[in-house]
Amino acid sequence: EAETQRATEAEKVLTTNLNGEIDRAKNAEKVYYTLLANGWTKQSASGVIGNLLWETGGANSKNPTNISGDINPADKSATRHAGKYAYGIVQWDEGESPDRTSKMFQYCASKGKDWTDLESQVSYMLNEMSTFSKVKKNGGIQKWKSMTSPEESAKFDADNYEICAQKLRPKRQITARAWYEAYKDK
């Protein structure tokens, strides 16, 4: 029953209101509650959010405990690969997998949505997380979903899914802890 209630809450958060206006909940909250509805612990979901905030510029580099920023599904940033871009909440690029970006674009299109659609990106992210080779090799999605430390989840995400620069990982863990502290009782 609690799982059904969480799924219903997540569905409400991810939709627009009856007037077609975008729900005012932060995108990060929408992703967080969707993760919870899909069986993630609050700690493991906080680790993912800690990384996503950094991916799309929602984190504060001077104060990683400031979680007032948000996740931008329409973010497009230049990458270290000449002439290439990273897209969306995960900043999908061609770095780890040569067709990673195109697969995300195709997935969103198959849902009748533009690549900037948050709900489609979250759905794709959840599917990709469970099949991503480094995630599978290092314990799998069930291990990640059940983590009891936001820092451990943020590290697992940074090491096995986001695969960001080593120097960025400690701040992502701090942001994950700050998110958890702010949302653990909500």
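Basis for what follows: all heavy atoms, side chains included, without hydrogens, waters or symmetry-related copies.
Across all non-hydrogen atoms, the minimal contact from Ala154 to Ala176 is CB-CB, 3.8 Å. Between Thr116 and Asp114 the shortest heavy-atom distance is OG1-OD2, 2.8 Å. What you find for Asn27 and Pro73 is that their closest heavy atoms are ND2-CD, 3.4 Å. The two atoms that bring Asn138 and Asn160 nearest to each other are ND2-OD1, 2.8 Å, heavy atoms only. Between Met129 and Val48, the closest heavy-atom pair is CE-CG1, 3.9 Å. Taking each heavy atom of Asp159 and Lys134 in turn, the nearest pair found is O-NZ, 3.3 Å.
Distance check: Met125 CE to Met104 CE gives 12.0 Å after rounding to the nearest 0.5 Å. The CG atom of Asn38 lies 15.0 Å from the OH atom of Tyr33; values are rounded to the nearest 0.5 Å. For the atom pair Tyr32 OH and Lys186 NZ, the distance stands at 9.5 Å (nearest 0.5 Å). The line from CD1 of Ile49 to CG of Asp70 is 9.5 Å long, rounded to the nearest 0.5 Å. The CG atom of Leu52 lies 11.5 Å from the OG1 atom of Thr175; values are rounded to the nearest 0.5 Å. Going from atom CZ of Phe132 over to atom CD of Glu162 covers 9.0 Å, rounded to the nearest 0.5 Å.
The residue from Ser102, Ser123, Ser120 that alone fulfils the side chain to side chain donor-acceptor pair (under 3.5 Å) condition with Tyr107 is Ser123.
Between Leu168 and Trp54 the shortest side-chain heavy-atom distance does not fall below 4.5 Å. Tyr161 has its side chain within reach of Val90: a pair of non-hydrogen atoms, C-beta onward, lies under 4.5 Å apart. No side-chain heavy atom of Lys155 sits under 4.5 Å from any side-chain heavy atom of Arg169. The shortest distance between side-chain heavy atoms of Gln121 and Trp115 falls below 4.5 Å. Using a 4.5 Å heavy-atom threshold, the side chains of Lys30 and Leu118 count as touching. Side-chain contact check for Leu126 versus Leu35: some heavy-atom pair is nearer than 4.5 Å.
Judged by distance alone, with hydrogens and angles left aside, the side-chain atoms of Asn72 form no donor-acceptor pair with the main-chain N or O of Thr56 at under 3.5 Å. In this structure, Ser46 contributes its side chain and Trp179 its backbone to no donor-acceptor pair below 3.5 Å. The backbone N or O of Tyr85 sits nowhere less than 3.5 Å from a side-chain atom of Lys76 that would complete a donor-acceptor pair.
Between the side chains of Gln43 and Ser153, not a single donor N or O lies within less than 3.5 Å of an accepting N or O.
Counted within 6.0 Å of NZ on Lys184, heavy atoms from surrounding residues, nucleotides or ligands total more than 12; the atom is thus considered enclosed. The number of heavy atoms from other shown groups lying within 6.0 Å of NZ (Lys145) is above 12.
Geometrically, Arg100 does not engage Tyr124 in a cation-pi contact, judged by NZ or CZ lying under 6.0 Å from the ring centre and within 45° of the ring axis.
For the pair Glu181 and Arg177, the salt-bridge criterion is met [side-chain N within less than 4.0 Å of a carboxylate O]. Residues Arg172 and Glu55 are paired through a salt bridge, judged by an N-O separation under 4.0 Å between the basic side chain and the carboxylate.
Two different hydrophobic clusters hold Tyr183 and Ile174 under the rule that ILVMFWY side chains link at heavy-atom gaps under 4.5 Å. Hydrophobic clustering (ILVMFWY, side-chain heavy atoms < 4.5 Å, transitive): Leu53 and Tyr180 are in distinct clusters.
Note: Trp144 and Phe156 have tilted aromatic rings, judged against thresholds of 30 and 60 degrees for the angle between ring planes.
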